[in-house]
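Reading through the structure tokens given below for one structure.
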Amino acid sequence: MHVRYFAVPLLFVCSTALARGYSDAENASIWQARQLAAHYADAKASASCQWTPAEPPTFADDLTPATELLDPALFARVATMVRQDQNAIAASDAVVGSPTAPLARRRLDEVNAQNLAILHRYFQDHDFPATRAIGDNGINALLLLVAHADTDLHFQKKVLEKMKAQVEKGGLPPYLPAILESIRPQVAAVDPAGDPQPSATSLDVGTETPRQCFYRKRPGFIEDHLRSHVSVILQRDQGSDS
């Protein structure tokens, strides 16, 4: 793994290619608001469904680096990218149907384009990193970023092959490529096997368990709590765009 090559050029891409998206300050503010919204949603869903998980659910971008990573710089870059990704998705979801929804969608598209450009630059000359390089959390976050690169199916297929090659070398768990193929069947170029698992929102509410109730209601409570905070940021942006 070429740490120096990754760290310097990608920081350069970030500094030059970021036309919009969210600023560092806005990302920090959205992340803080998401954490507060999660606490609120946990309490509301628990009270509504009469069930509480043993451990509070965490966000996909709430990453802790493993000890003795071979490439901590790569882990840090991936962690930053997935935080921007998840912040932009949460912001867009929170304001659906509001006057600021088009701007939130545009910000999400900008973040996706920026992350895709960074990933393109990296994978031009690098294999998919091994688990020992960035840890399980880093690998899962990188897989999520690749899954969200839906505007470039050819790129996703290329990365899938790099994942499989790393599996063959023993650097990744054998099941990892199948995860990408299952959440993005178009990448595998075959129909997903078996019947799709129903999502929590597709279940008959009359037959759901308290656990299913909790995970069905929690995202809506998060979005409700997050909506006003995100709207303030986007309204400020609308003023600067005009």
Next on the checklist: To the nearest 0.5 Å, what is the distance between CG on Asp71 and NE2 on His126?
Outcome noted: 8.5 Å

Checklist outcome for this item: CG (Leu176) and CG (Asn140) are apart, to the nearest 0.5 Å, by 7.0 Å

Item to check | Intermediate values then yes/no, salt bridge (charged side-chain N to carboxylate O under 4.0 Å, His left out), Arg34 and Asp61 | outcome: CA-CA 11 Å; Arg34 288 172 60 209; Asp61 55 326; 2.8 Å; yes

Item to check | Heavy-atom donor-acceptor pair, Ser29 side chain to Ala25 backbone, under 3.5 Å | outcome: no

Next on the checklist: Tell me whether the rings of Phe214 and Trp51 are parallel (<30°), tilted (30 to 60°) or perpendicular (>60°).
Outcome noted: perpendicular

Next on the checklist: Within a 6.0 Å radius of atom NZ on Lys162, are there more than 12 heavy atoms belonging to other residues, nucleotides or ligands?
Outcome noted: yes

Item to check | Pairs touching residues 89-103 that satisfy side-chain hydrogen bond (donor to acceptor under 3.5 Å, both in side chains), sequence neighbours left out | outcome: Ser98-Thr100

Checklist entry - Does any N or O in the side chain of His225 come within less than 3.5 Å of the main-chain N or O of Phe221, such that one atom is a donor and the other an acceptor? => result no

Next on the checklist: Any side-chain to backbone donor/acceptor pair from Lys157 onto Val187? Under 3.5 Å, distance only.
Outcome noted: yes

Next on the checklist: Check whether Arg218 reaches the backbone of Ala41 with its side chain - one donor and one acceptor, N or O, closer than 3.5 Å.
Outcome noted: no

Checklist entry - Between the side chain of Glu223 and the main-chain N/O of Val95, is any donor-acceptor distance below 3.5 Å? => result no

Item to check | Pairs satisfying side-chain hydrogen bond (donor to acceptor under 3.5 Å, both in side chains), at least one member in residues 167-179, at least two apart | outcome: Asp127-Lys169

Item to check | Pairwise side-chain contact, Tyr122 with Pro129, heavy-atom cut-off 4.5 Å (strictly under) | outcome: yes

Checklist entry - Crowded around Gln35 CD? As in, over 12 foreign heavy atoms under 6.0 Å? => result yes

Next on the checklist: If we ignore hydrogens and angles and just use 3.5 Å, is the side chain of Ser48 paired with the main-chain N or O of Lys44 as donor and acceptor?
Outcome noted: no

Checklist entry - Restricting to pairs with a member in residues 61-106, which pass disulfide bond (SG atoms under 2.5 Å apart), not counting sequence neighbours? => result none

Item to check | Between Asp85 and His148, a side-chain donor and acceptor under 3.5 Å | outcome: yes

Item to check | Separation of Arg77 CZ from Ile134 CD1 (nearest 0.5 Å) | outcome: 13.0 Å

Item to check | Under 3.5 Å: donor-acceptor pair, side chain of Asn27, backbone of Ser23 | outcome: yes

Checklist entry - Gln166 side chain to Phe128 main-chain N or O, any donor-acceptor pair under 3.5 Å? => result yes

Checklist entry - Hey, does the side chain of Glu110 reach the backbone of Gly21 with a donor-acceptor pair shorter than 3.5 angstrom? => result yes

Next on the checklist: Any non-hydrogen side-chain atom of Leu180 less than 4.5 Å from a side-chain atom of Gln156?
Outcome noted: no

Checklist entry - Between the side chain of Ser46 and the main-chain N/O of Ala43, is any donor-acceptor distance below 3.5 Å? => result no

